[in-house]
Amino acid sequence: IVLTNADSQAQRKKNKSSREERKKREATFYFTEGVKYYILAEPDFDAEDMDRALMLFTKSLESDSENDAAYFKIATILAGRGNLDDALINAQKALELDDQNQYYYTLNADILTRKSNFAEAAQVYERMIAQLEGTDEYLFDLATLYLYQGDYNQALDTYDRAEQVFGIQPELIRQKQKIYLKQNDLDKAIDEGVKLANAFPGEVPFVMALAEIFVSNKREKDAIPYLEELLQISPNNPEARLMLSKIYQNTGDAKKATQNM
């Protein structure tokens, strides 16, 4: 049998393809076995089973260096053990190989946050939210990261973005109020309180919180209409009635103070 050059090239390609397929099968086998031990170890993070899982995920990468899932699992294990530097390297590699996986972004952001790299963690969330649909819920985590950096304006912008998506949320409004009060912007803090009280009429905690802001900033009279409206809806509310009585007493209206006792 006489082999031509073309035959030799075809044989080499076939052999290469066969080797690559075998490597892929090996990688899949090791990864699957690693997942088994990971699941066994996960409830109490059993060290022995987790060691086996880590070893098998590493062997999977030896057979397929582009197995993003193996990098992710290794990063998760290392992060769980507090080895944040090596965990980050593996997490970043997983994200580099697949930038459409939400869990790869959140793992990177979590590790960076634990390393106090808040600016980099914020960048990861920004990138994820921009690229992947259905990740707007992480706007709240992103805002927190801006707060950690003392970047109040960015935090406010992020909360505004969240409000556009999710509507008026009590915790979101409270966070914005806290920021405005830190910035000594009382008017905007009050505006947020008014927005919340109007969005949830009759909700005692929201009206009382707004009234307390007025009282603590020597604007007691501004609290009166909100307390009066609340008492029309909930006339037996002792907290609101007591506050209203004190306000009338402090502003010199003894008759109304007595009526609200």
Side-chain angles (χ1 to χ4, degrees), residues 1-117 119-138 141-142 145:
I1 299 173
V2 178
L3 296 176
T4 65
N5 186 53
D7 291 331
S8 297
Q9 287 181 343
Q11 186 62 43
R12 284 196 295 272
K13 286 182 179 179
K14 183 178 180 181
N15 291 340
K16 181 181 178 182
S17 177
S18 178
R19 286 195 301 273
E20 289 176 350
E21 288 178 7
R22 187 180 70 253
K23 287 289 187 182
K24 288 285 185 182
R25 287 196 301 270
E26 288 177 356
T28 300
F29 171 77
Y30 289 130
F31 182 79
T32 303
E33 289 297 302
V35 169
K36 290 179 184 177
Y37 282 106
Y38 183 86
I39 292 171
L40 287 172
E42 198 172 18
D44 54 4
F45 222 73
D46 180 77
E48 189 173 336
D49 283 333
M50 203 61 82
D51 283 340
R52 289 196 184 99
L54 186 58
M55 179 268 292
L56 288 162
F57 291 140
T58 303
K59 285 183 73 67
S60 180
L61 287 177
E62 291 172 1
S63 297
D64 179 10
S65 62
E66 296 191 351
N67 186 342
D68 53 278
Y71 284 112
F72 172 75
K73 286 296 188 183
I74 290 171
T76 302
I77 293 171
L78 294 175
R81 291 178 167 179
N83 186 351
L84 299 181
D85 291 335
D86 290 338
L88 182 59
I89 291 170
N90 284 275
Q92 288 174 332
K93 184 64 177 179
L95 185 57
E96 177 187 319
L97 290 166
D98 181 4
D99 65 356
Q100 297 300 302
N101 191 311
Q102 171 184 325
Y103 299 105
Y104 296 178
Y105 284 99
T106 56
L107 179 61
N108 272 273
D110 177 64
I111 294 169
L112 287 164
T113 300
R114 290 172 62 185
K115 286 170 63 65
S116 298
N117 292 346
E120 291 180 52
Q123 289 174 4
V124 172
Y125 277 131
E126 288 281 18
R127 182 182 163 199
M128 178 184 71
I129 293 166
Q131 286 195 196
L132 303 184
E133 292 185 5
T135 58
D136 291 322
E137 65 190 271
Y138 290 97
D141 297 279
L142 177 59
L145 287 170

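Scope of the values below: all heavy atoms of this structure, side chains included, with no hydrogens, waters or symmetry mates. For reference, positions follow the sequence shown, starting with 1.
Summarising the geometry, atom CD belonging to Glu96 is positioned 9.0 Å from atom CD belonging to Glu66; distances are rounded to the nearest 0.5 Å. For the atom pair Leu88 CG and Asn83 CG, the distance stands at 10.5 Å (nearest 0.5 Å). Atom CD of residue Gln102 and atom CG of residue Leu107 lie 12.0 Å apart, to the nearest 0.5 angstrom. Taking CD from Gln131 and OH from Tyr105, the interatomic distance works out to 3.5 Å, rounded to the nearest 0.5 Å.
Contact check for Asp110 versus Arg114: side-chain heavy atoms found under the 4.5 Å cut-off. Using a 4.5 Å heavy-atom cutoff, the side chains of Leu61 and Ile74 are in contact. Considering only heavy atoms from C-beta on, Gln92 stays 4.5 Å or farther from Ile111 through its side chain. Using a 4.5 Å heavy-atom cutoff, the side chains of Leu95 and Asn101 are not in contact. In this structure, Leu40 and Asp46 have side chains that are not in contact, with every pair of non-hydrogen atoms separated by 4.5 Å or more.
With sequence neighbours excluded, the residues that form a side chain to side chain contact (heavy atoms under 4.5 Å, CB included) with Arg81 are Phe45, Met50, Asp51, Leu54, Ile77.
Checking Asp68 against Tyr104 by side-chain atom types alone, a donor-acceptor pair falls below 3.5 Å.
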- Message: Go through it in stages, so that I can follow the logic: the residues are Thr58 and Glu62, the test is side chain to side chain contact (heavy atoms under 4.5 Å, CB included), and I'd like the CA-CA distance, side-chain angles, deciding distance and then a yes or no.
- Response: CA-CA 6 Å; Thr58 303; Glu62 291 172 1; 4.2 Å; yes
- Message: Walk me through whether Asn90 and Lys73 qualify under side chain to side chain contact (heavy atoms under 4.5 Å, CB included).
- Response: CA-CA 9 Å; Asn90 284 275; Lys73 286 296 188 183; over 6 Å; no
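Aromatic ring pairs are classed by plane angle as parallel below 30°, tilted from 30° to 60° and perpendicular above 60°; the pair Tyr138 and Tyr125 is parallel.
Aromatic pair Phe57/Phe31: centroids less than 6.0 angstrom apart.
Using a cut-off of 4.0 Å between Lys/Arg side-chain N and Asp/Glu carboxylate O, Lys23 and Asp64 are scored as not salt-bridged. Using a cutoff of 4.0 Å between basic side-chain nitrogens and carboxylate oxygens, Lys24 and Glu20 are not scored as salt-bridged.
When every heavy atom of Gly34 is checked against every heavy atom of Ala53, the shortest pair comes out as O-CB, 3.4 Å. Smallest separation of non-hydrogen atoms from Ala87 and Ala75: O-CB, 3.3 Å.
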